[in-house]
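What follows is a set of notes on a single structure, which appears directly below.
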Amino acid sequence: MGRTMNNQELKQLQVIAKHIRRDTIEEIGNLGVGHIGGALSVVDILTLLYFRVMEHIDPKNPRNENRDKLVLSKGHAGPALYAVLAEKGFFPKEWLLTLNKGGTNLPSHCDMNRTPGIDFTTGSLGQGSSAAAGIALADKLKRIEAITYLIIGDGESQEGQIWEMAMFAAQYKLSNLIAFTDYNKLQIDGSTSDIIDLGDIELKWKGFGWFVQRVNGHDFEALEDAVLQAKAQGEKPSMIICDTIKAKGFSLAEGLASSHNMAYSKEVAKQAIEELMAEDGGKEK
Amino acid sequence: MTDIATMKDFRTIYADTLIELAQEDSRVVVFEADLMSATGTKHFKELFPERSINCGVAEANMVGIASGLSSQGFIPFVNTFGCFATRRAYDQFFLSANYARQNVKLVGLDPGITAAFNGGTHMPFCDIALTRVIPDLVVVEPGDGWAVHHLTKAVYAHQGSVYVRLQRKGNPIFYDANQTFELGKGIIVRDGKDVTLVATGAVMLEQAILASQALEKENISAAVIDMHTIKPLDKELVLSYAKKTNAVVTCENAQMAGGLGSAVSEFLSEQYPTVVRRVGIQDLFGEVGTVEYLMKRFALTAGQIVQEAKDAIKRK
């Protein structure tokens with residue numbers, strides 16, 4: 001497939017992603033601790049989806065039946081999605097500074113009953129995948145032509161429920177389900193290959209009957225191309241394996257397993273944001 | 001609808017009621033985990049192929065899929081053996097269905113000893129205890145064929161998740177066609193003044209009625225309450241009969257710890273301390289056998305209820 005976005009559009013997405021990273025770093029830094037690593041690794045996927053791909057996303061009508069939906073099954077990356085939803089206007093940006101504080105609408109893990117724009121409650125790994133397949137099935141039963149997007153983690157892929165869902169979605173031909181694996185190769189206790197290796201992850205999903213692609217999860221053009229191909233094939237559920245960098249854009253934490261749930265001060269956040277914003281606006285690292 | 005009392009078993013009544021609901025409401029969807037034959041929903045599938053979802057042998061995923069479907073306005077009835085419904089899919093039911101405030105009707109078949117020949121691995125003794133601690137969940141066990149029909153409709157109409165303990169086989173009838181059923185409202189099956197037998201489910205409702213008849217022969221007047229909704233407990237009814245009889249015996253085909261007996265004891269010990277004796281499974285695993293054998297094995301009999309009732313009266 002040829003290029004689907006021009007340089008200006010690409011630049012625009014890169015700028016938005018940078019702002020989302022800035023807000024995410026600040027949001028967690030304000031609290032002093034949080035899941036910064038896995039939040040930053042999915043920023044580009046979320047940015048592409050919410051600012052270019054997903055249809056009928058309306059902050060005034062967050063439950064619009066015809067909208068594309070998104071389930072962030074790796075619910076601990078919620079802070080990145082909150083930054084996206086605030087940017088989209090689902091709630092005021094000031095809410096971001098209430099993350100994880102008593103009585104907040106922005107809990108550590110996604111909660112559909114607290115946060116406008118969250119399509120399903122997640123947190124216990126694996127569960128969001130089935131919920132997403134259920135949502136995709138619901139749209140099929142209602143003859144609604146919408147896509148349900150699902151983001152799972154690589155560590156999360158060790159959960160059996162992921163593979164139960166994988167068989168189900170293939171059986172029910174949920175071609176309106178497009179999933180992403182945030183393959184940053186790190187989990188809490190170390191590298192996924194040292195803990196429980198995912199092995200040939202592409203082959204696994206293919207074997208489960210999915211339409212599988214593999215891209216650089218920080219490359220907007222590659223991501224968009226994969227989404228378009230996933231939509232075009234129209235027969236199977238889709239898995240886009242995204243090679244990503246944990247804590248991408250936060251130099252102090254980038255590529256460290258310890259960034260999964262990391263403590264850092266407001267000062268460190270400020271420095272990280274200055275460094276991030278000083279980077280060349282046209283090129284991602 | 002045909003006369004409920006003439007129908008073969010609970011599962012047929014349940015499956016026919018689902019068909020009735022599905023005919024009226026396109027939001028009703030039935031989920032199975034390779035137990036369609038056991039549940040008796042094959043006819044439902046013939047009538048509503050799109051709304052009959054077989055998830056294969058994957059109960060955790062089934063509850064998750066149903067939760068996602070519910071978030072889009074559907075009303076899923078999710079059927080599997082009670083042991084799998086609660087123990088296998090507990091976290092999914094807890095979080096994706098309940099914590100996420102979805103409208104999932106989870107139906108656990110073969111409660112307690114009615115798992116019979118499937119044995120200890122398949123015997124849900126602790127399902128009441130597991131589900132009763134989930135905030136706002138409604139926990140129901142119908143006691144006869146009419147109750148299966150009417151409570152299935154009430155469960156459908158309730159906005160929120162429900163766990164139903166559903167015996168599959170047999171159709172014991174204790175009510176007539178005019179009996180009404182309301183979630184959270186126990187039914188006074190028989191009035192009495194010396195002791196109150198609070199029972200849930202068909203097995204123990206029958207034993208409680210038999211026990212009340214046996215007690216009557218000894219000039220002991222026993223009230224029988226069908227507590228078809230275990231949660232929320234009908235506190236008003238429990239309190240009024242605790243005051244009236246000052247002795248209560250709970251009867252359940254389930255682990256006593258955390259079950260109906262616990263619910264009644266917790267409430268009364270705080271509100272109106274009353275002598276309570278409990279009939280139920282006493283911290284034991286299940287095993288194989290006929291229902292009749294297992295009733296004796298686990299002391300779930302009218303005789304046991306009579307003994308506990310007399311003991312309770314003595315301790316007043």
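Per chain, numbering begins at 1; letters A, B, ... match sequence-line order.
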**Request:** Side chain from CB out, backbone as N, CA, C, O: work out which of these in A:Lys140 comes under 4.5 Å of a heavy atom of chain B, or both, or neither.
**Result:** neither
**Asked** Does NZ belonging to B:Lys45 count more than 12 external heavy atoms closer than 6.0 Å?
**Response** no
**Complete:** Between the CE atom in B:Met62 and the CD atom in A:Gln161, the distance rounded to the nearest 0.5 Å is 12.0 Å
**Prompt:** Between B:Ile53 and A:Tyr172, is a side chain to side chain contact (heavy atoms under 4.5 Å, CB included) present by the stated rule, with each step listed?
**Reply:** CA-CA 9 Å; B:Ile53 309 295; A:Tyr172 283 83; 3.6 Å; yes
**Student check: side-chain heavy atoms of B:Ser96 and A:Thr121 closer than 4.5 Å** = no
**Message:** So does A:Gly134 get a backbone contact from the side chain of B:Gln72, meaning a donor-acceptor N/O pair under 3.5 Å?
**Reply:** no
**Message:** Heavy-atom count check: over 12 atoms from other residues, nucleotides or ligands less than 6.0 Å from A:Lys173 NZ?
**Reply:** no
**Request:** Look up atom CE in A:Met167 and atom SG in B:Cys55, then write down how far apart they are to the nearest 0.5 Å.
**Result:** 11.5 Å
**Request:** Please check if atom CD1 in A:Ile188 has more than 12 non-hydrogen atoms from other residues, nucleotides or ligands closer than 6.0 Å.
**Result:** no
**Prompt:** Got a salt bridge between B:Glu50 and A:Arg143, using NZ or NE/NH1/NH2 to carboxylate O under 4.0 Å?
**Reply:** yes
**Request:** Give a yes or no on whether A:Lys142 atom NZ has more than 12 heavy-atom contacts from other residues, nucleotides or ligands under 6.0 Å away.
**Result:** yes
**Asked** What is the minimum heavy-atom distance between B:Asn61 and A:Phe168, and which atoms define it?
**Response** ND2-CB, 3.4 Å
**Prompt:** Picking from A:Gly128, A:Ala131, A:Ala133, which has the most non-hydrogen pairs under 4.5 angstrom with chain B?
**Reply:** A:Ala131
**A:Glu145 atom CD, over 12 foreign heavy atoms within 6.0 Å** = no
**Message:** With a 3.5 Å distance limit and no angle check, can you tell me whether A:Asn113 reaches the backbone of B:Ala100 through a side-chain donor-acceptor pair?
**Reply:** yes
**Request:** Nearest 0.5 Å please: distance from the CG atom of B:Leu95 over to the OG atom of A:Ser124.
**Result:** 5.5 Å
**Request:** Return the option, out of A:Gly160, A:Gly126, A:Ala132, A:Ala138, with the maximum number of heavy-atom pairs under 4.5 Å with chain B.
**Result:** A:Ala138
**Request:** Could you tell me which of B:Ser26, B:Pro76, B:Ala66, B:Ala60 has the largest number of non-hydrogen atom pairs under 4.5 Å with chain A?
**Result:** B:Ala60
**Asked** Hey, is CD on B:Glu236 packed in by over 12 heavy atoms from elsewhere, all under 6.0 Å?
**Response** no
**Request:** Among the options A:Ser130, A:Ala136, A:Ala169, pick out the one with the most heavy-atom pairs lying under 4.5 Å from chain B.
**Result:** A:Ser130
**Message:** Using a 6.0 Å cut-off, check whether atom CG of B:Asp283 has over 12 heavy atoms from anything other than its own residue.
**Reply:** no
**Request:** Calculate, to the nearest 0.5 Å, the distance between atoms CD1 and CD1 belonging to A:Ile135 and B:Ile65 respectively.
**Result:** 10.0 Å
**Request:** With rounding to the nearest 0.5 Å, note down the distance linking OH in B:Tyr99 to NE2 in A:His109.
**Result:** 9.5 Å
**Asked** Between CG of B:Leu69 and CG of A:Leu141, what distance do you get to the nearest 0.5 Å?
**Response** 6.0 Å
**Fill in**
Bottom line for A:Met165: the part with an atom under 4.5 Å from chain B's heavy atoms is both
**Prompt:** Crowded around B:Lys235 NZ? As in, over 12 foreign heavy atoms under 6.0 Å?
**Reply:** no
**Message:** What I'd like to find out is whether the side chain of A:Met112 reaches to under 4.5 Å of the side chain of B:Ser71, using heavy atoms alone.
**Reply:** yes
